[in-house]
Number of protein chains: 2
Amino acid sequence: MSGRGKAADEPSTHSLETAARKRSRSLAALGYTKPQTYEELRAVLSSGTVHFPKRLRQVAIYLWQNPSDVALGTIAQVAAQAGVQPSTLVRFAQIFGFAGFSDFQNLFKDRMKGSWPETKGGQEKTAEPNADLHFLNGMIGASQAALSRIGNSFDIAAFETMIAHLAAAELIYVIGSKRAFPVTAYLSLTLSQQGVRNVLVDNVGSSALDQVGCITPADAVLAVSFSPYNSITPDLVAVAHERKARIVTITDSTFSPLVRLSDTWLEVVEQDFGGFRPLAASLAVGMALVHGLVSRRTG
Amino acid sequence: MSGRGKAADEPSTHSLETAARKRSRSLAALGYTKPQTYEELRAVLSSGTVHFPKRLRQVAIYLWQNPSDVALGTIAQVAAQAGVQPSTLVRFAQIFGFAGFSDFQNLFKDRMKGSWPETKGGQEKTAEPNADLHFLNGMIGASQAALSRIGNSFDIAAFETMIAHLAAAELIYVIGSKRAFPVTAYLSLTLSQQGVRNVLVDNVGSSALDQVGCITPADAVLAVSFSPYNSITPDLVAVAHERKARIVTITDSTFSPLVRLSDTWLEVVEQDFGGFRPLAASLAVGMALVHGLVSRRTG
DNA sequence: CTTGTTTTCGAATGATATTTCTATTTTTTG
DNA sequence: CAAAAAATAGAAATATCATTCGAAAACAAG
């Protein structure tokens, strides 16, 4: 919004060397010209001909993924979200031939002006010619339906209790197999990244039973299981239950054998689509659990 | 963007009369409260219960008709386009109970992001009756946004080519680590359940490099990778590339080092929310890939 | 391991945007 | 028609922003 707004180059007598060096680093030397539209910028970025160092690459990725935030925010806000210094953004803009960030930002603003999110119907899908695309759309629909369903009916009390149990635990065992494994794998990864010690019971080397044999009453088990409940998960959770650990469960019906073993459980229904099941809802709930647990422990 | 940001009223001894006069002009006296969302503002404006003098009415009309310009512009630009003084805009905002124009403008910005209430400062975190639930809703929103984004812009040609490559392969190697691992784990499971022989390169026992060392030109690699691209995945894919296998990739930007190694690649952008990323979109695309592959082979 | 280069950081600086305040104009009312 | 009240425009003040620049750090080459 601020800034000089005056053209960049001003080759006075003795600053020729500096100007030359700068220009050699700009894209002009590579035959590029300043992008006039957002699409042009995207094209240049995706061409892959420009190789950025770490921070600038970080900027490029952020711009690529969050154009609307770039358009709406100030340089400080954008820089904070992208995890770089404000000056880095200015450098980035100048490499592309812009006077500064404000100039650069106008690209994003212009792009956005046309697209005010007026509540459009959007469901005008008429007879998909492509079968694969049809399936993809169905999958997307199923995912969104499952997600909406969480928002509508959600057992907040159970959710909070689960977080409390997990937050109080000394060590968290994450258990889930087959279809639930992607969920537990992501949960375990996220927990570790957040500094929460946990054990992913993945049954590599068939060591799962021995692992859960180490559970103590101070531990908690986060189990995820979907129907059909014919995996090893119920057995493992049963052992944990015998060893008096707190058990919290994410499952998809009250008929799950895990329900009667659990201290608290949460129902998350994934809608089946053509024999495939999206895990979107379970993952969202799982992430929320981790977030709640972390804020409970740190805050 | 700028401004004091301090509360408006300061009832000193002798300015009581002025303060009282000002308050009588605000909508608070009429039983209105400060609109929290753009929709609320629109409702108030359209209710017709407030009668504005000429210039303020002019402002209201402009806001109604050009919301995106209000969100993107500075106060000076908006004022010029609406044909009023900047101070008039400030007055208008204050009548509605905002500290100033910037505060007021955030309504429009938030609306444009289609976003959940901004997570800034952390002051409002405590105000939220249930912060955990708030996060869950945000996560759901991010998931759904990512899913919608697929539907809007999707490279069908690349998608079809990927399916063709995979369908033609003798054996499919599925590679992905860290955040991408849940996706590859699910892909591998689903492929196996559908009778498609595949190898999940999970690096258990650090055997990943040896595994990809067995790849032949008749095989295909299905790689999944998200930023930051600092995992082992690029190295593994590079080996596969040397061994002349077909390589198809799901990634989240063109900056992925996998892009130049791949025969075909697909961009799937997962929207970040509070440092967490839902995998809903990637999973949906992955499932669609598997489905397309299976129907190609059997049908 | 050293040297030269590139890249990044962070504070200082210059510029702009936002707000407040006051004089002037317009409207309302007795 | 006159006087008071309200509304507006414009200028001045102030907070915030964007940019620049020098030093430190990371990196690459010899």
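These numbers come from the heavy atoms of this one structure, side chains and all, not from hydrogens, waters or symmetry mates. Chain letters run A, B, ... following the sequence lines, proteins first, then strands; residues in each count from 1.
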Spacing between Leu56(A) atom CG and dA26(D) atom P, to the nearest angstrom: 16 Å

Rounded distance (Å) that lies between atom C1' of dC21(C) and atom CD of Gln94(B): 12 Å

Nucleotide nearest Ile75(A) when distance is taken to its side chain, options dA18(D), dT8(C), dA17(C): dA18(D)

Between dC17(D) (P) and Gln105(A) (CD): distance, integer Å: 12 Å

Separation of dT20(C) C1' from Phe101(B) CZ (nearest whole Å): 17 Å

Atom-to-atom span, CG of Leu89(B) to C1' of dT8(D) - whole angstrom: 13 Å

Given dT19(C), dT8(C), dG10(D), the nucleotide with the shortest approach to the side chain of Gln85(B): dG10(D)

Ser102(A) side-chain proximity, nearest of dT19(D), dT19(C), dA17(C): dT19(D)

Integer-rounded Å distance: dA15(C) C1' and Asp103(A) CG: 16 Å

Test item: side-chain donor near acceptor, Gln58(A) and Arg55(A), under 3.5 Å: yes

Gln58(A) side-chain N/O to dT8(C) phosphate OP1/OP2 under 4.0 Å: no

Shortest side-chain distance from Val90(B), nucleotide among dT19(C), dT19(D), dC9(C): dT19(C)

Closest contact, heavy atoms only, Trp64(A) versus Arg149(B): O-NH2, 4.3 Å

Shortest side-chain distance from Pro53(A), nucleotide among dA17(C), dT7(C), dC9(C): dT7(C)

Length of the line joining Phe92(A):CZ and dA18(D):C1', which is rounded to integer Å: 17 Å

Options dT8(C), dT18(C), dT8(D), nucleotide nearest the side-chain atoms of Arg91(B): dT8(D)

Flag, side chain of Lys109(B) to backbone of Leu72(A), donor-acceptor distance under 3.5 Å: yes

Ion pair Asp252(B)/Arg179(B), N-O distance below 4.0 Å: no

Plane angle bin for Phe92(A) and Phe104(A) - parallel if under 30°, tilted between 30 and 60°, otherwise perpendicular: perpendicular

Candidate nucleotides dA17(C), dT8(D), dC9(C), ranked by approach to the side chain of Ser87(A) - the nearest: dC9(C)

Gln77(B) CD to dA17(C) C1', straight-line distance once rounded to whole Å: 10 Å

